[in-house]
S.K.: 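Following this message is one structure expressed as structure tokens.
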Amino acid sequence: MARHLITSAIPYINGIKHLGNLVGSQLPADLYARYLRARGNEVMFLCATDEHGTPAELAAAKAGKPVADYCAEMWAVQAELAKGFRLSFDHFGRSSSPQNHKLTQHFAGRLADAGLIREVSEKQVYSHADKRFLPDRYIEGTCPNCGYDKARGDQCENCTKQLDPTDLIDPRSAISGSTDLEVRETKHLYLRQSQMRGKLQDWIDSKTDWPILTTSIAKKWLNDGDGLQDRGITRDLDWGIPVKKGEEDWPGMEGKVFYVWFDAPIEYIACAGEWAEAHGKSDADWERWWRTDKGADDVRYTQFMGKDNVPFHTLSFPATILGSGEPWKLVDYIKSFNYLNYDGGQFSTSQGRGVFMDQALEILPADYWRWWLLSHAPESSDSEFTWENFQSSVNKDLADVLGNFASRVTKFCRSKFGEEVPAGGTPGEREAQLIDDLEKGLRDYEAHMDAIDVRKSALALRALWVLGNEYLQDVAPWTTFKEDPDAAAMQIRIALNLIRFYAVISSPFIPDASAQLLTAMKSEDAEWPKDVASAVKALPVGHAFAVPEVTFRKISDDERAEWQERFAGGRR
RNA sequence: GGCGCGGUAGCUCAGUUGGUUAGAGCGAACGACUCAUAAUCGUUAGGUCGGGGGUUCGAGUCCCCCCCACGCCA
């Protein structure tokens, strides 16, 4: 039994995430967490909302609410959706928590002491009407290059030219439209990542088992151009963690907050502190997950994220941790994902294109989505959601292969032997063969799960389901029953046990259906099978069961067409 | 423009350090079966592995050039 710390990239507080976001981090992280727990490991699975920054402030203003209230509400919404998708976080925290305030300030202080922070004076646009500094992309004006009148301060969308806010003709605030702008001098803190380049390079180079996607992104940032650049870690905003050096004030930094990318990953750690508080535990209880001097040296830490988050997790956050000089746990393995596209294009929040987490749960139970998303996870390249594919995958894999297996076995038994595991007969060569095949298949499945090969795991699991149908088809108890009822009883006894076996091993993918099947089999034995031979005898002769409700219903062509239409976008 | 990840059967994708007739699932055709959610099981068909050169006894797998898609950056 090992100890596993698992984190999923923390979703931004602003708005409801789409299925691409879900499959890019939270869902595969949950799969892995559930699997490791099922195998008897001690698991700490953490996630949180990323709450700071300008977008949250603007969304709150748009909703007419104080930003803290807005974040609290959106956190509740996201927590509820996470629950809806059965994401089994040990704690779902908030980057705005007191724990994260304290820890972020602590890290900044340590980094400053280590000489890894420098102060930089820069010019930024201040809006009198908005009473705030404007990030580049919140300044609009006419492009000096092409004359487009809605160019943003960072780039012109029309001609794609990169811009500086001061390049714009007739600049105005994208928030209020005000032209009462002023360029002001302001001071900010920069993390001297460039100083850490060697250390980070060595660390990345030591991770030979990481996916190419992960290391290639990290190496690009380390080596491109002049190499890893220092990054600003503060902003002139109200909403965020006040800049402090540990517990002390930071002269010259009054009224400023840490930039969201600096405090967000620290929330991974702070979240464990929130977990401890929420469960009445001590500091030692969470520190044993994060401090290698306090018990975390035997922890294996795995992070899940979309490819856009890789630079922060391979470079910025490790720079923070290494730079602190304290024995915090560094990540052991980063599992990163490509993007999921939607029906020939991208998911789009602004156009309402694609399926979002709340909508998905409105039309179908979580397991349907979990199965499709995980069995098609964008591991090696971007992948594509299509309704045809979703429909055929759900109908074939879940309804026909697994659901129907449970149905045919239980109904046959009920009609011939009644609703209990029948006695009689002796397993023979064919059963030995089945057990052998299942044993190999199970090992294959476990190997893929251990390696976090999500798609391959799904394929291997499905192959195990197929073995059951194959066996039934082969021994045909409905025929056997006519000449040798005892033999048929033995065959169906095995098959009934397979239902329980499938429920147990499928639970990381489809927890609700697994629970339903286990309930139908009236079994509480959900322990991961040590070997198949004993697993197919777990339900003894005479053990009562019930015919389960339809475990997975099919998606009709009409539904598919209707949903395709409904989520095509362009409705907002 | 630079860089990155890809371009493998109708569809979604596997293909370790180059090595016998390129694989899986779905879809298709045919057959078997009838317990079951018109489900299941079996068989078969289907690809000049984006294009062109090269290295090698041998390349989807290495090198060069080009084309296409996506992404990142300037």
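Residue numbers start from 1 in every chain, and the chains themselves are labelled A, B, ... in the order their sequence lines are given, proteins ahead of strands. Predicted model only: the values in this text are computed from it and were never measured.
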S.K.: Quick one: label A:V409 by what it contacts on the DNA or RNA (base, sugar-phosphate, nothing), any heavy atom closer than 4.0 Å.
M.R.: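 Nothing, no heavy atom under 4.0 Å.
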S.K.: If you look at every strand shown and take non-hydrogen atoms under 4.0 Å, does A:F405 touch a base, only sugar-phosphate, or nothing?
M.R.: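 A:F405: no heavy atom of the nucleic acid under 4.0 Å.
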S.K.: What integer distance in Å separates A:F385:CZ from B:C13:P?
M.R.: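 Atom-to-atom, A:F385 to B:C13, this comes out as 13 Å.
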S.K.: For A:W372 and B:G25, give me the distance from atom CH2 to atom P, rounded to whole Å.
M.R.: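 For the pair A:W372 CH2 and B:G25 P, the rounded distance is 19 Å.
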S.K.: Please report the distance separating the C1' of B:G19 from the corresponding atom of B:U55, rounded so that it comes out in whole Å.
M.R.: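 To the nearest whole Å, 16 Å.
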S.K.: Any N or O donor-acceptor pair linking the side chain of A:D400 to the base of B:A39 at under 3.5 Å?
M.R.: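 There is none.
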S.K.: Hey, can you tell me if A:W369 and A:F390 have their rings parallel, tilted or perpendicular (30° and 60° cut-offs)?
M.R.: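 Aromatic pair A:W369/A:F390 classed parallel.
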S.K.: When the ring centroid of A:F312 is compared with that of A:F317, is the distance short of 6.0 Å?
M.R.: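 No; A:F317 has its ring centre 6.0 Å or more from that of A:F312.
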S.K.: Quote, to the nearest angstrom, the C1' distance that separates B:C57 from B:A24.
M.R.: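 One C1' to the other, the span is 32 Å.
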S.K.: So, do A:F412 and B:C35 meet the stacking rule of ring centres under 5.5 Å and planes under 30°?
M.R.: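 Ring-base stacking flag not set for A:F412 and B:C35.
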S.K.: Only pairs with both distances under 3.5 Å count, Watson-Crick or wobble alike; so what is the partner of B:C11 in this structure?
M.R.: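 Its partner is B:G25 (Watson-Crick or G-U wobble, both distances under 3.5 Å).
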S.K.: Looking at every strand, decide which applies to A:N404 at a 4.0 Å heavy-atom threshold: base, sugar-phosphate, or nothing.
M.R.: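 If one applies the 4.0 Å heavy-atom cut-off, A:N404 turns out to touch a base.
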S.K.: Can you check the A:F347 CZ to B:G71 C1' distance for me, whole Å?
M.R.: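 Between C1' of B:G71 and CZ of A:F347: 17 Å.
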S.K.: Starting at NZ of A:K456 and ending at P of B:U16, how long is that distance when rounded to a whole Å?
M.R.: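 A:K456 atom NZ is separated from B:U16 atom P by 9 Å.
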S.K.: With a 4.0 Å cut-off on heavy atoms, is A:K416 in touch with a base, just the backbone sugar-phosphate, or nothing at all?
M.R.: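 Answer is nothing: A:K416 stays at 4.0 Å or more from every strand.
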S.K.: For B:A22 and B:A59, measure between their C1' atoms and round to the nearest Å.
M.R.: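 Pairwise C1' distance, B:A22 against B:A59, rounds to 12 Å.
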S.K.: Could you check, using the six-membered ring where one of them is a Trp, whether A:H313 and A:Y268 have ring centers closer than 6.0 angstrom?
M.R.: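 Close enough - the centres of the two rings lie under 6.0 Å apart.
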S.K.: Check the angle between the aromatic planes of A:H18 and A:F347 and answer parallel, tilted or perpendicular using the 30° and 60° thresholds.
M.R.: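 Parallel: the ring planes of A:H18 and A:F347 meet at under 30°.
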S.K.: Determine the Euclidean distance between corresponding P atoms of B:C5 and B:C72; express it in Å to zero decimal places.
M.R.: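 Nearest-Å result for B:C72 against B:C5 at atom P: 15 Å.
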S.K.: Below 30° counts as parallel, above 60° as perpendicular, anything between as tilted: where do the rings of A:W261 and A:Y259 land?
M.R.: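 Aromatic pair A:W261/A:Y259 classed perpendicular.
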S.K.: How do A:S407 and A:H376 order along RNA chain B: which one's closest nucleotide is nearer the 5' end?
M.R.: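 It is A:H376, whose closest nucleotide lies nearer the 5' terminus.
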S.K.: What does B:G1 pair with, Watson-Crick or G-U, if both distances are under 3.5 Å?
M.R.: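 Partner of B:G1: B:C73.
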S.K.: Is there a side-chain contact between A:R462 and the phosphate of B:C26, meaning an N or O under 4.0 Å from OP1 or OP2?
M.R.: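 Affirmative; the distance criterion is met.
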S.K.: Roughly how many Å apart are B:U8 and B:A74, using the P atom of each and rounding to a whole number?
M.R.: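 One P to the other, the span is 31 Å.
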S.K.: Is any side-chain N or O of A:K411 closer than 4.0 Å to OP1 or OP2 of B:A39?
M.R.: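 Negative; the distance criterion is not met.
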S.K.: Rounding to the closest angstrom, what is the interatomic distance between B:U34 and B:C11 at atom C1'?
M.R.: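 The same atom, C1', in both gives a distance of 31 Å.
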S.K.: Can you tell which of A:F501, A:W371, A:F405, A:F509 makes a ring pair (Phe, Tyr, Trp, His ring centres under 6.0 Å) with A:W465?
M.R.: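 Output: one option passes, namely A:W371.
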S.K.: Between A:C413 and A:L459, which has a closest nucleotide on RNA chain B that is more 5'?
M.R.: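 Counting from the 5' end, the first nearest nucleotide belongs to A:L459.
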S.K.: Syn or anti: how is B:G46 classified when any glycosidic angle within 90° of 0 counts as syn?
M.R.: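 What B:G46 shows is a syn base, its glycosidic angle lying within 90° of 0.
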S.K.: Between B:G58 and B:C68, how far apart are the P atoms? Round to whole Å, please.
M.R.: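 The same atom, P, in both gives a distance of 32 Å.
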S.K.: Are A:K396 and B:U40 close enough that a side-chain N or O sits under 4.0 Å from OP1 or OP2?
M.R.: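 Yes.
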S.K.: With both distances kept under 3.5 Å, what pairs with B:U37, Watson-Crick or G-U wobble?
M.R.: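 Here B:U37 is not engaged in any pair, so there is no nucleotide opposite it.
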S.K.: So A:S383, base contact, sugar-phosphate only, or nothing? Heavy-atom distance under 4.0 Å.
M.R.: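 Sugar-phosphate: the residue A:S383, judged by heavy atoms under 4.0 Å, touches backbone atoms but no base.
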S.K.: In whole Å, what is the span from the OH atom of A:Y339 to the P atom of B:A69?
M.R.: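 So the two atoms are 19 Å apart, to the nearest Å.
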S.K.: For the pair made of CG in A:L398 and P in B:C26, what is the distance, rounded to whole Å?
M.R.: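 Distance, rounded to whole Å: 13 Å.
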S.K.: Does the plane of the ring in A:W563 sit parallel, tilted or perpendicular to the ring in A:W387? Use 30° and 60° as the thresholds.
M.R.: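 Correct class here is tilted.
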S.K.: Determine the Euclidean distance between corresponding P atoms of B:G4 and B:U44; express it in Å to zero decimal places.
M.R.: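 To the nearest whole Å, 43 Å.
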